[in-house]
Novice: 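Let me begin by handing over the structure; questions about it come next.
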Amino acid sequence: MARIWAVVPAAGRGTRFGGELPKQYLVVDGLPLIAHTLAALFAHDAVEGAVVPVSENDPDWPCWTEFAGKPVHACTGGASRAASVLAGLRALPDDVRADDFVLVHDAARPNLSLTDLSQLLERGRNDPVGAILAAPVRDTLKRAGDDGGIDGTEARERLWRAFTPQLFRRLQLTRALESATTDGVEVTDEAMAMERLGLRPLLVEGSESNFKITTPADLARFAYERAQRDC
Ligand code: CTP
Ligand code: MG
């Protein structure tokens, strides 16, 4: 399997989580979340290294240059997730070719399994565009009115929740994110930037355990799931 690099955006402030320390640096089991995230990515032999966009002069970034024996390059992220990812793509080593696939994975998503990562790589690299991990919506969806009452029920068929990692080719993703920026469109994941260009990334069903840490309850769930896994 050809070698692959990851971009791991970690320049967010964790506003919804609250607190002083950005959530990617909160410690679970003696390690900051970003360490769990990098360990999950580097567990796959094909993943060669990672670029980590962090906020400017980030005092909490541990200044790693390698992790688990693989290279880690930090760069300065941007004001939005998309801007941070774009900065990360530009900071990839020169030997990552324009048509090489690159993984983009949230620093705040530490519970990625090797099975899901392998699936994404296997299926995504056989797709001309690329692929994302995602899960079908299982709950009934309600549209809320301004007063908190229910205005109606939305059809959930064919609706999926987008996770990361997302797998795209270096140059195509760079162009797609640049185009969204130029057009003033805030894309919330990489696939959305590709979709805007008429491309159709593949959905690869992944585990619900690959959730993003957004609130303190998510952190408690991660600590619990990790403890369960290890015993
Ligand atoms: N991220 C980033 N640069 C930004 C904003 C977000 O690199 N300007 C990263 C976060 O660090 C996180 C990932 O993108 O790893 C997903 O974003 P999110 O969960 O929204 O994290 P935050 O933006 O930090 O949280 P919040 O939206 O609650 O402030
Ligand atoms: Mg955010």
Side-chain angles (χ1 to χ4, degrees), residues 5-28 31-42 47 49-64 67 72-92 102-112 116-117 120 132-135 160-168 170 173-174 176-178 180-181 184-194 206 208-223 225-226:
W5 274 73
V7 171
V8 184
R13 296 226 301 261
T15 320
R16 286 168 291 179
F17 195 97
E20 283 294 299
L21 189 64
K23 60 192 181 183
Q24 57 273 26
Y25 301 125
L26 293 170
V27 172
V28 170
L31 290 172
L33 284 189
I34 185 149
H36 294 285
T37 306
L38 289 173
L41 287 167
F42 288 171
V47 178
V51 170
V52 182
V54 297
S55 53
E56 203 166 4
N57 303 319
D58 187 345
D60 302 306
W61 164 245
C63 295
W64 291 318
F67 187 91
V72 173
H73 303 315
C75 71
T76 301
S80 66
R81 182 180 176 286
S84 295
V85 172
L86 198 48
L89 289 167
R90 291 179 178 141
L92 283 165
V102 172
L103 286 165
V104 179
H105 185 47
D106 294 327
R109 214 178 272 274
N111 213 25
L112 170 69
D116 278 3
L117 178 55
L120 177 74
I132 73 168
L133 282 178
W160 290 62
R161 294 186 296 133
F163 298 163
T164 71
Q166 304 203 349
L167 182 76
F168 294 110
R170 179 183 187 175
L173 180 57
T174 304
L177 290 170
E178 283 171 349
T181 309
V185 175
E186 169 124 11
V187 293
T188 47
D189 72 347
E190 288 60 58
M192 184 178 168
M194 303 295 280
E208 301 276 348
S209 292
N210 181 22
F211 56 91
K212 192 175 67 168
I213 309 291
T214 304
T215 65
D218 299 323
L219 189 72
R221 177 178 170 199
F222 173 58
E225 290 200 13
R226 243 196 96 70

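We count ligands from 1, going down the list as the structure has it; atoms in each ligand are counted the same way. If you read the sequence from its start, that first residue is 1, and numbering goes on from there.
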Novice: With atoms numbered from 1 as shown, which atoms in ligand 1 lie under 4.0 angstrom from a non-hydrogen atom of A79?
Specialist: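 The atoms of ligand 1 under 4.0 Å from a heavy atom of A79 are 8 (N).
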Novice: With heavy atoms under 4.0 Å as the rule, classify the contact between S84 and ligand 1 as side chain, backbone, both or neither.
Specialist: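 Side chain only.
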Novice: Quick one about E186 and S80 (side-chain donor to acceptor, distance below 3.5 Å, no hydrogens or angles considered), yes or no?
Specialist: no
Novice: State if K23 counts as touching ligand 1 under the rule of any non-hydrogen atom under 4.0 Å.
Specialist: yes
Novice: Measuring from R13:CZ to K23:NZ, what's the distance to the nearest 0.5 Å?
Specialist: 12.5 Å
Novice: When only distance counts, is T214 in polar contact with ligand 1, meaning an N/O pair under 3.5 Å?
Specialist: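 N/O-N/O distance under 3.5 Å: no.
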Novice: With a cut-off of 6.0 Å (strictly less than), are more than 12 heavy atoms of other residues, nucleotides or ligands near CD of E56?
Specialist: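 For E56, atom CD is not crowded (no more than 12 foreign heavy atoms under 6.0 Å).
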Novice: Examine distances only and state if a side-chain atom of Q166 and a backbone atom of E190 form a donor-acceptor pair shorter than 3.5 Å.
Specialist: yes
Novice: Quick one: sort the F67 and F42 rings into parallel, tilted or perpendicular, breaks at 30° and 60°.
Specialist: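 Judged by the thresholds at 30° and 60°, the geometry between F67 and F42 is tilted.
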Novice: Tell me the nearest of G12, P9, G78 to atom 15 (O) of ligand 1, using heavy-atom distances.
Specialist: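 Going through G12, P9, G78 one by one, P9 has the nearest heavy atom to atom 15 (O) of ligand 1.
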Novice: Report the nearest protein non-hydrogen atom to atom 22 (P) of ligand 1: residue, atom name, distance rounded to 0.1 Å.
Specialist: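 Its nearest protein heavy-atom neighbour is G14 N, 3.7 Å.
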Novice: Evaluating non-hydrogen atoms only, which member of G77, S80, P53 is closest to atom 4 (C) of ligand 1?
Specialist: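 Going through G77, S80, P53 one by one, S80 has the nearest heavy atom to atom 4 (C) of ligand 1.
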Novice: Looking at ligand 1, does any of its N/O atoms fall within less than 3.5 Å of an N/O of A11?
Specialist: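 The answer is yes, given that A11 and ligand 1 share an N or O pair closer than 3.5 Å.
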